[in-house]
Amino acid sequence: MNESGRQARITKLQNHRHTLLQQRGMRGAPIASIEMELNVVRSELQALYEAGRLQLRTADAQKRGKSRPDRLSGIPRLGAILPEPQSRPLRRAYHPLSLPGDRTI
């Protein structure tokens, strides 16, 4: 779906949502069925809004010369966080129920 089609669908769904909200307020309205339809409309609107945000992020990333948006751009790489491993002498392993002075495994 292109941008103009997405915007047209959003407008149509927003108008339908407004109509449903008005119907829900009327006396004797079938509230349960209106609520179910409202949930469907809200879900589709949220999906369309998210699709628009993804398109903006992708277009922004392409302007910056990247093939896709980088979600981890502000997070340092793992190697930059962890210190270099240092060698230390091996320690003897003990059985969990034995005392350090007992015979080793």
Side-chain angles (χ1 to χ4, degrees):
M1 178 181 293
N2 62 11
E3 183 62 23
S4 62
R6 190 179 72 79
Q7 288 295 333
R9 183 69 180 153
I10 287 173
T11 303
K12 182 178 176 185
L13 286 169
Q14 286 173 338
N15 290 335
H16 187 56
R17 179 179 172 272
H18 182 70
T19 303
L20 288 171
L21 289 171
Q22 286 179 338
Q23 288 176 0
R24 186 177 67 174
M26 295 173 60
R27 187 179 181 108
I31 303 275
S33 62
I34 291 174
E35 285 294 326
M36 286 192 304
E37 195 169 350
L38 273 170
N39 283 335
V40 171
V41 170
R42 285 182 193 125
S43 296
E44 191 171 346
L45 278 169
Q46 286 175 346
L48 288 169
Y49 293 148
E50 181 63 24
R53 284 192 290 270
L54 287 174
Q55 285 177 354
L56 285 175
R57 273 192 251 157
T58 304
D60 223 19
Q62 288 174 349
K63 286 180 186 176
R64 288 185 275 136
K66 295 182 180 178
S67 61
R68 61 180 177 83
D70 189 6
R71 293 182 180 183
L72 304 176
S73 61
I75 301 173
R77 289 189 7 233
L78 188 60
I81 298 172
L82 297 176
E84 290 294 321
Q86 297 178 3
S87 62
R88 58 181 176 201
L90 295 175
R91 294 169 40 171
R92 290 185 167 179
Y94 294 97
H95 189 275
L97 298 178
S98 68
L99 298 172
D102 292 348
R103 197 173 118 204
T104 61
I105 298 175

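The structure displayed is predicted, hence computed values, not measured ones.
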Original post:
In chain order, what residues pass the side chain to side chain contact (heavy atoms under 4.5 Å, CB included) check against Q22, with sequence neighbours excluded?
Top reply: H18

Original post:
Considering only heavy atoms from C-beta outward, does the side chain of M36 approach that of V40 to under 4.5 Å?
Top reply: no

Enumerate donor-acceptor pairs with a distance under 3.5 Å from any side-chain N or O in residues 43-52 to protein atoms, sequence neighbours excluded.
residue : atom : partner : partner atom : Å
S43     : OG   : N39     : O            : 2.9
E44     : OE1  : R9      : NH2          : 3.1
E44     : OE2  : R9      : NE           : 2.8
E44     : OE2  : R9      : NH2          : 3.0
Y49     : OH   : Q14     : NE2          : 2.8
E50     : OE1  : R53     : NE           : 3.2
E50     : OE1  : R53     : NH2          : 2.9

**OP:** For residues S33 and P30, report the shortest heavy-atom separation together with the two atoms involved.
**Re:** OG-O, 3.0 Å

Subject >> By side chain to side chain contact (heavy atoms under 4.5 Å, CB included) - contacts of L38 (at least two apart) >> reply: R17, L20, L21, R24, I34, E35, R42

Original post:
With sequence neighbours left out, what residues match S4 under side chain to side chain donor-acceptor pair (under 3.5 Å)?
Top reply: N2

